[in-house]
Amino acid sequence: MATAAWQPQEDGLKEICGLLEQYRLPTVDQSRIWQQHQGCSQLPDFNNYLAFILCRAEGDAVNIRQAAGLLLKNNLKSNYQSIQPSHLQYIKAEVLPCLGSSDFGVRTTVGTIASVVLQHGGFQCWPELYQALVQCLDSNVYNHMEGALGALFKIAEDLPEMLDSDVPGFADRPLAIFIPRLLQFFTSEHAALRRLALGTVNQFIVLFPAALFSNMGQYLQGLFSLANDSVGDVRKLVCAALVQLLEVQPNALQPHMRNVIEYMLQANKDPDRDVALEACEFWSAFCEAHLPPDLLREFLPRLIDILLDNMVYADDDEALQDEDEDENAPDRDQDIKPRFHQSRIVGSTDGAEEVEDDDDDDIINSWNLRKCSAAGLDILSTVFGDDILPILMPLVQVRLSTTEDSEWVQKEAAILALGAVAEGCISGLLPHLAQVAQSPEGQLQFDGILTGLLRRILDPHKRVQEAACSAFATLEEEAAEDLAPRLEPILQHLMYAFGTYQRRNLRILYDAIGTLADAVGSELNNPKYLEILMPPLISKWQQLSDNDKDLFPLLECFTSIAQALGPGFIQYAEPVFMRCINLIRTHQVAKADPQSAGVNYDKEFIVCSLDLLSGLAEGLGSSIENLVSRSDLRDLLLQCCTDEAPDVRQSALALLGDLVKACAVHLQPRLAEFLSLAANQLGQNVKENVSVANNACWAIGEVAIKVRSEISPIVLTVISPLVRILSNTEGLNKSLLENSAITLGRLGWVCPEIVAPHMEHFMQTWCRALCTIRDDFEKEDAFRGLCAMVRLNPGGAVSSLALMCEAIGSWHEIRSKELSSEIAQVLHGYKQMLSQSNSWEQYFGTLDGTLREKLVKTYGL
């Protein structure tokens, strides 16, 4: 194509070249250069100069040419529509011959410019580019082929759909022409061409266009031919392709699956860890593709061994850099990951929807082969379950039993493996939860795992300690009460570790102790266990100052212990209670005046203390009354309920509900203020602070059933936002919806004369919410409210009778015979009332047949 008539002016060319040259100097005044650049960029033909410098400048450092090209690309990207058509034509004509430039930097830059131009007009606005790409690919000249492949890779990355679209005047879609040519490069003698061609085709796997589908046989053949390529980047792309095909088109691989699995096992051991990482993604992809597990079963012994090997820390793992593994070496502040306490969520789901903490305490959280291998083993355990244990456990045992001090990484990897499979293989690890006691063999297996983990908790290496504690916490959650018969050796090991761990791992140990308390509950309330557990914890509690952040995990640990021990915690309660009161008071003072408080304000101290007091109230019940009566907790709590920090209000409202249950009399003088503050949390901004609203809603319900008709002054104030929550559920979590339904029912139970007249405004949404609540005493309260309101205003629920019947039918079993009788009376009352107008069958007949049958059978309708 003939070059346009535009020609650069010598002075302008020198100025812009000088500007680009200066811009590269480290000592240059960047602001002055920027001003000059802004001045030059106002020239209407500035981009022409840049194109000329990129393509024709002689004797200049290539970096100036490349800098001109990158600046041109950015200008085209941001100002394409404002560039004159004649200038665009000049730019296209200049850069096209440089697609095959002898200079790598220039042809790479031209490829990115080509992609930007196509984004604005497609091939129909630059058909010459399409022709040039085809000619370069067919040329057998290295620079031309590499330049075209580089440009195609960039275009495929940015515009894959465009390459698979019809172009006016073209006989075929561009991709139909390019794919066969790209596949031919898989056998090129040049590694760079193989890599670019394979990388470009891989971009289309997810899109899976017809051009790839029709060439699938050749593509797979090409992949297999490149499987053992001498270049790691190419092998990595082969693995990536097979993983993507497995995710998108597993049927294409299924006939070749044995060979693919064999190859991936080999690639998973590749000395190039990037290749091994890419191959390791295959196992998760295989499991998620829901292919027949038997395709993989025979390979499990080799696969699990490889995954275990790859779970060992690499020598250059960044998580180990600058870290002293000696158990006696104190942790530095930078070794300790910031921790964030999650405020308590209470009520119907009791925290079931809380976001899980990320267990990975690695300093550097980048994805690597170690983590990918653990994830692969995790998902294999969910697919194959206990079947992997006979393969895994001997391998783990060998690694755990090593006595070489230098082999601590093997022990750590073995423990990581136990943690990875704990959930998927829990029935085998326990084994078979319900049958442990009857199975001597199962007992031995479980005891072997437990003993191995406890030994490793006492390992001298910090990383092994960390992995063992984390794996043990996972086992605790799954094993729960099955740990009770083994509590004594467990506690002995944990508390011995307590005396040797440094700060970072001590935090993980607190979590393991707290999780143990949650798991075994009241089984912990045994004098011989408490003698092991409590003295070291109390001693640490006394050592830590009121501004030491190491108190946070200890406060959380005590919360779990207090809830587990119940009344058994009373002997430790007073100093713990008073410390919490003092922490709250101190940090409330520190918010306004840190100097007089002697500490800097940190709301985490208040939140953790409020949550521990909740744990005490829940565990001690009415026994906490003596402590509350001798403190200013009521006034401090009222302050916390007005705090500007949502998580402080959230924990304060949880404590309000717990204290009302335990000792409402001490809150009575200021109960109206508490209720008003709680009601305010249910206002217009519920979605911004869902958890605060959840706890406020729950607390109001707890107050209602404790003080009953005394709550009447705020009932109508609360009913309106509760109905609004139940009517507009988007963006709200299940816990808030369930607690709103329960609290609405509780208010109707204690003040039916106030709530019942408004029934028709909320019955439908309320009954829908009641259907989702699991059977428990809170659901019983809600249905007592339903019955009480219907007795006063039966007409208010007639239009919602079908939904009310669905809500009643959602019960699996009502344990309260009294409530069951009340519900039966309600249903029979409606049957009698509606039969008088011959409309009972009309209402009852609209119900699902199974529901009708259940109601007839349960309530004798």
Side-chain angles (χ1 to χ4, degrees), residues 330-331 339 341 457-458 465 469 472-473 476 487-587 599 604-621 623-624 626-628 630-631 633 655:
D331 290 324
R339 42 92 54 225
H341 174 77
I457 282 173
L458 302 183
Q465 296 169 359
C469 276
F472 184 63
E476 288 171 326
L487 266 174
E488 190 168 4
I490 290 172
L491 288 169
Q492 286 169 342
H493 279 78
L494 293 180
M495 300 324 290
Y496 185 86
F498 191 81
T500 61
Y501 276 19
Q502 299 300 322
R503 287 172 59 206
R504 189 178 78 165
N505 284 349
L506 204 53
R507 294 180 171 201
I508 302 167
L509 186 61
Y510 284 135
D511 179 58
I513 295 169
T515 306
L516 179 67
D518 294 337
V520 301
S522 59
E523 294 285 346
L524 195 59
N525 194 11
N526 180 314
K528 69 175 178 180
Y529 299 153
L530 297 182
E531 188 58 37
I532 301 169
L533 174 66
M534 295 306 294
L537 291 177
I538 295 290
S539 174
K540 179 65 75 172
W541 170 265
Q542 292 166 345
Q543 289 170 23
L544 296 173
S545 66
D546 283 354
N547 61 351
D548 191 329
K549 293 187 178 185
D550 286 344
L551 259 180
F552 296 154
L554 182 53
L555 286 163
E556 291 173 351
C557 181
F558 266 129
T559 303
S560 294
I561 293 170
Q563 289 169 320
L565 295 184
F569 196 77
I570 193 72
Q571 59 185 307
Y572 313 106
E574 185 166 2
V576 172
F577 181 91
M578 295 312 298
R579 179 80 175 269
C580 289
I581 296 291
N582 188 50
L583 283 167
I584 295 169
R585 189 188 301 116
T586 300
H587 282 272
V599 299
E604 291 274 297
F605 284 100
I606 296 179
V607 172
C608 287
S609 297
L610 290 168
D611 287 348
L612 178 45
L613 289 172
S614 278
L616 286 174
E618 188 178 321
L620 298 178
S623 300
I624 200 173
N626 185 40
L627 296 170
V628 175
R630 293 186 285 118
S631 74
L633 175 58
L655 178 55

Listed once per pair and sorted, the salt bridge (charged side-chain N to carboxylate O under 4.0 Å, His left out) pairs that draw on residues 524-538, sequence neighbours left out: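 Only Glu488-Lys528 qualify under salt bridge (charged side-chain N to carboxylate O under 4.0 Å, His left out).
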
Arg630 vs Met578, side chain to side chain contact (heavy atoms under 4.5 Å, CB included): CA-CA, chis, key distance, verdict: CA-CA 10 Å; Arg630 293 186 285 118; Met578 295 312 298; over 6 Å; no

Reported [atom1]-to-[atom2] distance for the pair [X] and [Y], which is rounded to 0.5 angstrom:
{"X": "Glu476", "Y": "Ile513", "atom1": "CD", "atom2": "CD1", "value": "9.0 Å"}
{"X": "Leu616", "Y": "Leu612", "atom1": "CG", "atom2": "CG", "value": "5.0 Å"}
{"X": "Asp611", "Y": "Ile606", "atom1": "CG", "atom2": "CD1", "value": "12.0 Å"}
{"X": "Asp548", "Y": "Leu554", "atom1": "CG", "atom2": "CG", "value": "10.0 Å"}
{"X": "Asp511", "Y": "Cys469", "atom1": "CG", "atom2": "SG", "value": "9.0 Å"}
{"X": "Asn582", "Y": "Ser631", "atom1": "CG", "atom2": "OG", "value": "12.0 Å"}

Do you know the tightest heavy-atom contact between [X] and [Y]?
{"X": "Leu551", "Y": "Ser545", "answer": "CD1-O, 3.4 Å"}
{"X": "Leu655", "Y": "Ser614", "answer": "CA-OG, 3.2 Å"}
{"X": "Lys549", "Y": "Arg507", "answer": "O-NH2, 4.3 Å"}
{"X": "Leu494", "Y": "Ile457", "answer": "CD2-CD1, 4.0 Å"}
{"X": "Ser609", "Y": "Ile584", "answer": "CB-CG1, 3.7 Å"}
{"X": "Leu524", "Y": "Ala517", "answer": "CD2-CB, 4.0 Å"}

Heavy-atom side-chain proximity of Met495 to Leu533 below 4.5 angstrom: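 Answer yes - side chains close enough.
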
Side chains of Ile581 and Leu613 in contact at under 4.5 Å (non-hydrogen atoms):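 Sidechains of Leu613 and Ile581: in contact.
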
Set of side-chain hydrogen bond (donor to acceptor under 3.5 Å, both in side chains) partners for Ser539, sequence neighbours left out: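 Here the qualifying residues are Gln543.
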
Pairing residues for Asn525 by the side-chain hydrogen bond (donor to acceptor under 3.5 Å, both in side chains) criterion, not counting sequence neighbours: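 With sequence neighbours excluded, Asn525 shows a side-chain hydrogen bond (donor to acceptor under 3.5 Å, both in side chains) to no residue whatsoever.
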
Qualifying residue for ring-ring contact (aromatic ring centres under 6.0 Å, His included) with Phe558, from Trp541, Phe552, Tyr510, Phe577: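 The passing option is Trp541.
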
Non-neighbouring partners of Phe472 that pass ring pair (Phe, Tyr, Trp, His ring centres under 6.0 Å), sequence neighbours left out: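 Partners of Phe472 under the ring pair (Phe, Tyr, Trp, His ring centres under 6.0 Å) test: none.
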
Heavy atoms of other groups near Tyr496 OH, more than 12 under 6.0 Å: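 No.
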
Derivation of the side chain to side chain contact (heavy atoms under 4.5 Å, CB included) call for Met534 and Ile561: CA-CA 10 Å; Met534 295 306 294; Ile561 293 170; 4.1 Å; yes

Could you go through residues 564-573 and list every donor-acceptor pair under 3.5 Å that involves a side-chain atom there, pairing it with any protein atom two or more places apart or in another chain?
none

Check against side chain to side chain contact (heavy atoms under 4.5 Å, CB included), Ile508 and Tyr501: CA-CA 10 Å; Ile508 302 167; Tyr501 276 19; over 6 Å; no

Test side chain to side chain contact (heavy atoms under 4.5 Å, CB included) applied to Leu491 and Leu516, step by step: CA-CA 9 Å; Leu491 288 169; Leu516 179 67; 3.8 Å; yes

Donor-acceptor contact below 3.5 Å, side chain His587 vs main chain Leu583: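 Answer holds: no.
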
For Pro575, all residues meeting side-chain contact (heavy atoms from CB on, under 4.5 Å), sequence neighbours excluded: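 Pro575: no side-chain contact (heavy atoms from CB on, under 4.5 Å) contacts found.
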
Under the side-chain contact (heavy atoms from CB on, under 4.5 Å) test, residues paired with Glu523 that sit two or more places apart: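 side-chain contact (heavy atoms from CB on, under 4.5 Å) list for Glu523, sorted by chain: Ala484, Leu487, Val520.
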
Under the salt bridge (charged side-chain N to carboxylate O under 4.0 Å, His left out) test, residues paired with Asp546 that sit two or more places apart: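 Here the qualifying residues are Arg579.
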
